[in-house]
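The structure appears below as structure tokens.
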Amino acid sequence: MTRRLPPDPEGIAEAASLLRAGELVAIPTETVYGLAADARSATAVARVFEAKGRPHFNPLIVHLPEASAVWREVEPDARARALADSFWPGALTLVLPRSAGCRVDLLAGAGLETLAVRVPAHPVAQALLRSFAGPLAAPSANRSGRVSPTTAQHVEEELGGRIAALLDGGPCRVGVESTVLDLTGPQAVVLRPGGVPIEALRAVIDGVVPPLSHALASRGGVGLRSPGLLLGHYAPSLPLRIDATAVGPSEALLAFGPPLPGAALVEQLSETGDLVEAASRLFAALRHLDAEGTRRGLSGIAAMAVPRDGLGAAIEDRLRRAAQG
Ligand code: TXA
Ligand code: MG
């Protein structure tokens with residue numbers, strides 16, 4: 001059952017303790033409700049994707065209580081610092097390179113080298129982040145393909161029974177998601193319009209462009225239908241083949257269940273066929289096989305098939321993209 005927690009010190013302390021135990025808690029923010037998990041825990045993050053029923057791993061936004069905490073996890077530049085001064089806490093998410101000491105699990109960022117970070121303004125979110133004292137990964141608290149919830153009742157309808165608790169902070173003030181701004185290139189690209197208007201961003205930094213003009217400029221007129229398509233995805237440098245039923249002696253194996261015999265190097269996603277465990281290990285396992293396989297001069301990576309149900313669909317989607325290079 002999903003417990004409804006009041007937004008008082010006891011409710012907030014209980015939410016923080018559930019999150020520390022790797023459970024999922026829906027939390028109010030000023031934009032929309034988020035489905036929060038400890039961003040350092042691969043298993044907790046995998047549960048987020050499972051609860052949302054996402055067919056693929058979108059990178060999640062990581063929430064922290066203040067800018068100084070954010071700069072531990074990502075590398076800010078002058079633009080990021082200026083925007084943080086103007087808009088945090090608030091409805092602006094910045095995409096920046098992960099820092100060397102970044103503690104956020106790879107799955108939370110869908111394997112990317114970048115991370116989306118935000119300091120929410122909602123007093124309950126603020127109190128929870130300070131009590132939890134760590135990064136919280138939180139996508140909007142809706143099932144995949146549905147609109148973002150802006151009341152506790154919406155969250156109940158979306159995720160009731162699928163998550164440990166729901167912290168009730170009343171209706172969300174802003175009601176639309178945060179603006180997502182990519183600062184990883186020379187232009188500041190708005191990946192998703194949201195609570196902070198583009199004009200407000202332009203009053204603080206130069207070179208802010210909407211996603212379409214960026215896409216047209218950089219891809220020679222090939223239009224992009226969705227901002228999601230601007231996302232790069234993690235691809236190993238060794239060739240990857242999927243649905244392997246046999247493995248060669250110069251190949252590394254990404255195993256799911258009992259490993260195929262004969263591989264030069266093996267990483268196990270889940271011995272017992274547990275898809276949450278498999279998702280939590282996916283990116284770390286791929287990176288390890290890629291680095292170690294390259295070091296040993298192996299010819300490629302063979303990935304065993306994963307069932308397509310539940311999180312298996314998202315795992316398969318990532319593997320297929322990685323296989324396309
Ligand atoms: O207002 C909000 O942003 C809410 C509250 C809960 O904070 N969160 C939210 O999260 O809307 P979500 O997961 O539904 O949307 C996150 C957006 C997605 O469009 C995702 O593709 C983008 O942020 N995003 C996350 N990490 C990214 C990254 N490393 N690079 C580019 N885009 C990223
Ligand atoms: Mg969403």
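Hydrogens, waters and symmetry mates play no part in the numbers below; they use all other heavy atoms, side chains included. We're numbering straight along the sequence, starting at 1. Just follow the structure's listing: the first ligand is 1, and inside any ligand the first atom is 1. Model, not experiment: these values are computed from the prediction.
Remark: of the listed residues Thr43, Thr272, Leu269, Leu311, Thr272 is the sole one forming a side-chain contact (heavy atoms from CB on, under 4.5 Å) with Glu277.
Residue Val180 places a heavy atom less than 4.0 Å from ligand 1. Every heavy atom of Glu30 sits 4.0 Å or more from the atoms of ligand 1.
Residue Gly34 has at least one heavy-atom neighbour below 4.0 Å for each of these atoms of ligand 1: 6 (C).
An N or O contact shorter than 3.5 Å links Arg192 to ligand 1 by distance. Any N or O atom pair closer than 3.5 Å counts here, and Arg118 shares at least one such pair with ligand 1. Looking at Ser140 next to ligand 1, an N or O pair under 3.5 Å apart turns up. Ligand 1 has an N or O atom lying under 3.5 Å from an N or O atom of Ser178, backbone or side chain. The shortest N/O to N/O separation between His63 and ligand 1 falls below 3.5 Å.
Heavy atoms from both the backbone and the side chain of Thr114 come within less than 4.0 Å of ligand 1. With a heavy-atom cut-off of 4.0 Å, Leu191 touches ligand 1 through its side chain alone.
Using a distance-only test at 3.5 Å, with no hydrogens or angles considered, a donor-acceptor pair links the side chain of Ser86 to the main chain of Ala82.
Residue contact annotation: Ser140 places an N/O/S atom under 2.8 Å from the Mg ion (ligand 2).
Under the 4.5 Å side-chain heavy-atom criterion for ILVMFWY residues, a single connected hydrophobic cluster contains both Val306 and Leu107.
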